[in-house]
Amino acid sequence: MLEAGGRNTSLKTIMPGMMPFQTDRTNWRFETVPQPGLNGRRGYQPRGKGLGGSSAINAMLYIRGHSQDYDEWRDLGCPGWGWDEVLPWFRTSEHNVRGADAFHGENGPLWVSDQEHAHPGSRAFVEAASRLQIPVNPDFNGVQQEGVGLYQVTQKGGERWTAARAYLPPGQRDNLEIICDALVDRILFTDGRASGVAYRLAGEAREIRARRAVVLAAGAFQTPQLLMLSGIGPGAHLAEMGIEVRLDRPAVGSDLQDHIDYVAAFETEGSFFLGRSPIGTLKSLGAMAQWLLTRRGGMTSPFAEAGGFLRTELAGARPDVQLHFLIAIVEDHGRTKVKGHGYSCHACVLRPESRGTVRLQSPDAASAPLIDPAFLSDPRDMEVLKAGVRAMYRILDTPPLADYKGRDRYPIDLADDAALESLIRARADTVYHPVGTARMGSDEAAVVDPRLKVRGVDGLYIADASVMPRLIGGNTNAPSIMIGERAAAFLCEA
Ligand SMILES: Cc1cc2nc3c(=O)[nH]c(=O)nc-3n(C[C@H](O)[C@H](O)[C@H](O)COP(=O)(O)OP(=O)(O)OC[C@H]3O[C@@H](n4cnc5c(N)ncnc54)[C@H](O)[C@@H]3O)c2cc1C
């Protein structure tokens, strides 16, 4: 196994509350090309680097999506991927502290825990929503997804439980060698079959051979990048980059889908919510000490503690908007440091119609790919986002949350359609769920077949979020892990 980053064993990874403090060592920190739908702004696209990938820097929320999302995959030409067929794999992967039932597993490697230290502000969010007759949902991955509640998190005993901690043994294993700080440059082929990869380690070019197969799991941006660097992708674009075309496959790097998201932010008096102030710093230091001694307390927080799935007036049977309530002020993904205390709430479009692309900006794997999510290029996404923001504000304006008297940092008349649209264009961005750039399907154009083998090339598989034919209605870590489980099973059978 080759990984461009490090081992991710430090406190920065393991202590959940260190999430906002990632560096270039653990985060690729990509940016998008300027987005016309966002007033020409460049979006931010954090991606995890190092063992565990984005599960080492994410918010740890354990969500699978809606059962009908997978039935939709099946109906789009992915036999074997309907809800009834993927559910056993979710259960296999899961170790839920609540125990097993029809929806959950308790013997898998991926620990899923309840938040033991949810902030009272998060509970106030849930209570406010329930006063609006929105159902309180104790399990978004159970009988129904709709409703509000506290999220379960991928943690074990108060520590972040990355995909690597779940699946990679801490010691040596006879049939696995892990090489970190190894940037894969391209796939190697012998007689048309994937037979290894070229990579660089400490500046030195190397090659490694695969007897059976090569599996790409570089994520929704870098898996298509590696395919294109290996001559598999849109032929004209590869020719432009001076890359010999091995397989003209326009779907590589196409069909990029991501959750466009608006964050409302509120300032409060005092230090009840988290924030930047002398007292905030003291509280954080106290929480760190508590975590170091007991693995409990404020540093176990995913910050996005509460949230839910709503059906706006534009929704069909499935919720069309997800909320994430945060116990701190978030500006520009936390990159802009704001003084003072407060809370924030995200609203995102769960099934965007906009489709974007990932392309190469250079034939060098070390260059960031050109990422164009084409956010809000389909006007239907703006309509859903406006409905979602309005629904979110109804909750934020309801006691007991409203009793905290947060001062809205971006107040507008929400009834004014034009004002809301322009606020969204000025402030919306991703909530970090890009997928679809190596889409699975049975049609000629699909990148991988329903057994995750790259169509038209032998010995090459993909096992990550890029294969999702449609973005699921929820956070994408658990579904990516489910895809990994299935890839392993397919490989064993191949
Ligand atoms: C800030 C943030 C918050 C999120 N919050 C949540 C959440 O709370 N819940 C949730 O369900 N989802 C969340 N997600 C999304 C979720 O983490 C991802 O969907 C999931 O991890 C994707 O898995 P993946 O295997 O497709 O790719 P990744 O996890 O991104 O893994 C790709 C790996 O490939 C490596 N790599 C890339 N290129 C190369 C190369 N050329 N050579 C060698 N190695 C390479 C990378 O370093 C990385 O380790 C979040 C994501 C982010 C960024």
* Is the backbone of Arg380 close enough, under 3.5 Å, to the side chain of Glu353 for a donor and an acceptor to pair up by distance? -> no
* Interatomic distance, Asp372 atom CG to Thr357 atom OG1 [nearest 0.5 angstrom] -> 4.5 Å
* Check whether any side-chain heavy atom of Leu51 lies under 4.5 Å from a side-chain heavy atom of Thr9, and answer yes or no. => no
* Polar side chain donor-acceptor pair, His119 to Tyr343, under 3.5 angstrom -> no
* salt_bridge(Glu85, Arg74) N-O dist < 4.0 Å -> no
* Asked: For Arg212, which residues count as a side-chain hydrogen bond (donor to acceptor under 3.5 Å, both in side chains) partner, sequence neighbours excluded?
  -> none
* Could you tell me whether the side chains of Gln155 and Tyr62 share a donor-acceptor contact shorter than 3.5 Å? => no
* Between the side chain of Asp261 and the main-chain N/O of Val431, is any donor-acceptor distance below 3.5 Å? -> no
* Asked: Looking at Leu452, Thr437, Val454, Ile483, which one forms a side chain to side chain contact (heavy atoms under 4.5 Å, CB included) with Ile462?
  -> Val454
* To do: Taking only Lys NZ, Arg NE, NH1 and NH2, and the carboxylate oxygens of Asp or Glu, determine whether Asp417 and Arg390 approach each other closer than 4.0 Å.
  => yes
* Yes or no on side chain to side chain contact (heavy atoms under 4.5 Å, CB included) for Phe490 and Lys453, after CA distance, side-chain angles and deciding distance? -> CA-CA 9 Å; Phe490 293 143; Lys453 182 184 152 315; over 6 Å; no
* With distance as the sole criterion, is a donor-acceptor pair present between the side chains of Gln145 and His66 under 3.5 Å? -> no
* **Cys180 SG to Leu2 CG distance, which is reported to the nearest 0.5 Å** => 9.5 Å
* Asked: Under 3.5 Å, is there a donor-acceptor pair between the side chain of Gln361 and the main chain of Ala368?
  -> yes
* Asked: Do any N or O atoms from the side chain of Glu3 and from the backbone of Gly5 form a donor-acceptor pair under 3.5 angstrom?
  -> yes
* For Pro224 and Phe221, work out which heavy atoms get closest and say how close. => CG-O, 3.3 Å
* **Pair Glu72 + Arg318: basic N to acidic O under 4.0 Å** => yes
* Asked: Is there a donor in the side chain of Thr312 and an acceptor in the side chain of Asp320, or the other way round, less than 3.5 Å apart?
  -> yes
* **Backbone N/O of Thr13 and side chain of Asn8: donor-acceptor pair under 3.5 Å** => no
* Asked: For Ile327 and Glu305, what are the C-alpha separation, side-chain angles and deciding distance, and is it a side chain to side chain contact (heavy atoms under 4.5 Å, CB included)?
  -> CA-CA 8 Å; Ile327 52 176; Glu305 296 180 348; 3.4 Å; yes
* Asked: With a distance cut-off below 6.0 Å to the six-membered ring centre and an angular limit of 45° from the axis, does Arg47 pair with Phe30 as a cation-pi contact?
  -> no
* Can you sort out the partners of Gln22 under side-chain hydrogen bond (donor to acceptor under 3.5 Å, both in side chains), two or more places apart, ordered by chain and number? => Thr26
* Asked: Tell me the salt bridge (Lys or Arg N to Asp or Glu O under 4.0 Å) pairs involving residues 144-168, sequence neighbours left out?
  -> Glu146-Arg311, Glu159-Arg165, Glu159-Arg295
* Structure fact -> Distance col, row Leu216:CG vs Leu227:CG, nearest 0.5 angstrom, shows 5.5 Å
* Pair Glu127 + Arg123: basic N to acidic O under 4.0 Å -> no
* Asked: Got a sec: does the CZ of Arg186 have more than 12 other heavy atoms crowding it under 6.0 Å?
  -> no
* Asked: Side chain of Arg41, backbone of Arg425: donor and acceptor closer than 3.5 Å?
  -> yes
* Asked: Considering all heavy atoms of both residues, which atom of Ile472 and which atom of His259 are nearest to each other, and what is their separation?
  -> O-NE2, 3.2 Å
* To do: List the steps, then state whether side chain to side chain donor-acceptor pair (under 3.5 Å) holds for Ser254 with Arg359.
  => CA-CA 8 Å; Ser254 303; Arg359 298 285 180 250; 3.1 Å; yes
* Please tell me if the side chains of Val33 and Ile371 come closer than 4.5 Å, counting only heavy atoms from C-beta onward. => no
* How many angstroms lie between atom OG of Ser442 and atom CZ of Arg455, to the nearest 0.5 angstrom? -> 8.5 Å
* Asked: Which pair of non-hydrogen atoms, one from Leu76 and one from Pro469, has the smallest distance, and what is that distance?
  -> CD1-CB, 4.4 Å
* To do: With rounding to the nearest 0.5 Å, note down the distance linking OG1 in Thr32 to CG in Asp429.
  => 6.5 Å
* Kindly confirm or rule out a cation-pi arrangement of Arg486 over Trp81, judged by NZ or CZ under 6.0 Å from the six-membered ring centre and within 45° of its axis? => yes
* **Side chain Asp378, main chain Ser354, donor-acceptor under 3.5 Å** => no
* Below 4.5 Å, heavy atoms only, C-beta onward: do Pro434 and Leu256 meet side chain to side chain? -> yes
* Asked: Just checking, is any N or O donor in the side chain of His433 or Asp258 under 3.5 Å from an acceptor N or O on the other one?
  -> no
* Is the count of non-hydrogen atoms from other residues, nucleotides or ligands lying under 6.0 Å from Glu444 atom CD greater than 12? -> no
* Arg351/Asp69 salt bridge by N-O under 4.0 Å criterion -> yes
* Heavy-atom side-chain proximity of Gln115 to Val153 below 4.5 angstrom -> yes
* Using a 4.5 Å cut-off on heavy atoms from C-beta on, say whether the side chain of Arg98 contacts that of Asp139. => yes
* Asked: Is there side-chain contact between Pro46 and Trp28, with at least one heavy-atom pair below 4.5 Å?
  -> no
* Asked: Backbone N or O of Ala220 within a donor-acceptor pair of the Thr223 side chain at under 3.5 Å?
  -> no
* Asked: Do Arg427's NZ or CZ and the ring of Tyr410 fall within the cation-pi criteria of under 6.0 Å and 45°?
  -> yes
* **Any side-chain heavy-atom pair of Asn141 and Phe103 under 4.5 Å** => no
* Exam field: side chain Glu106 to backbone Gly99, donor-acceptor pair closer than 3.5 Å -> no
* Say whether, by atom type as modelled, one donor and one acceptor occur between the side chain of Asp101 and the main chain of His104 under 3.5 angstrom. => yes
* **Heavy-atom pair of closest approach, residues Asp114 and Gln152** => OD1-NE2, 3.1 Å
* Structure fact -> On a heavy-atom basis, the closest approach of Leu226 and Ile187 is O-CD1, 4.4 Å
* Worked verdict on Phe303 versus Val330 for side chain to side chain contact (heavy atoms under 4.5 Å, CB included) -> CA-CA 10 Å; Phe303 303 117; Val330 175; over 6 Å; no
* To do: Enter the distance from Gln35:CD to Ile260:CD1 here, rounded to the nearest 0.5 Å.
  => 8.0 Å
* To do: Could you tell me whether the side chains of His324 and Asn475 share a donor-acceptor contact shorter than 3.5 Å?
  => yes
* To do: Please tell me if the side chains of His333 and Thr430 come closer than 4.5 Å, counting only heavy atoms from C-beta onward.
  => yes
* Please report the C-alpha distance between Leu150 and Ser122 in whole Å, then the side-chain angles of each, then the deciding distance to 0.1 Å, and finally whether the side chain to side chain contact (heavy atoms under 4.5 Å, CB included) criterion is met. => CA-CA 8 Å; Leu150 296 178; Ser122 299; 4.0 Å; yes
* To do: List the atom of Gly40, the atom of Pro34, and the distance in Å for their closest heavy-atom pair.
  => O-CB, 3.4 Å
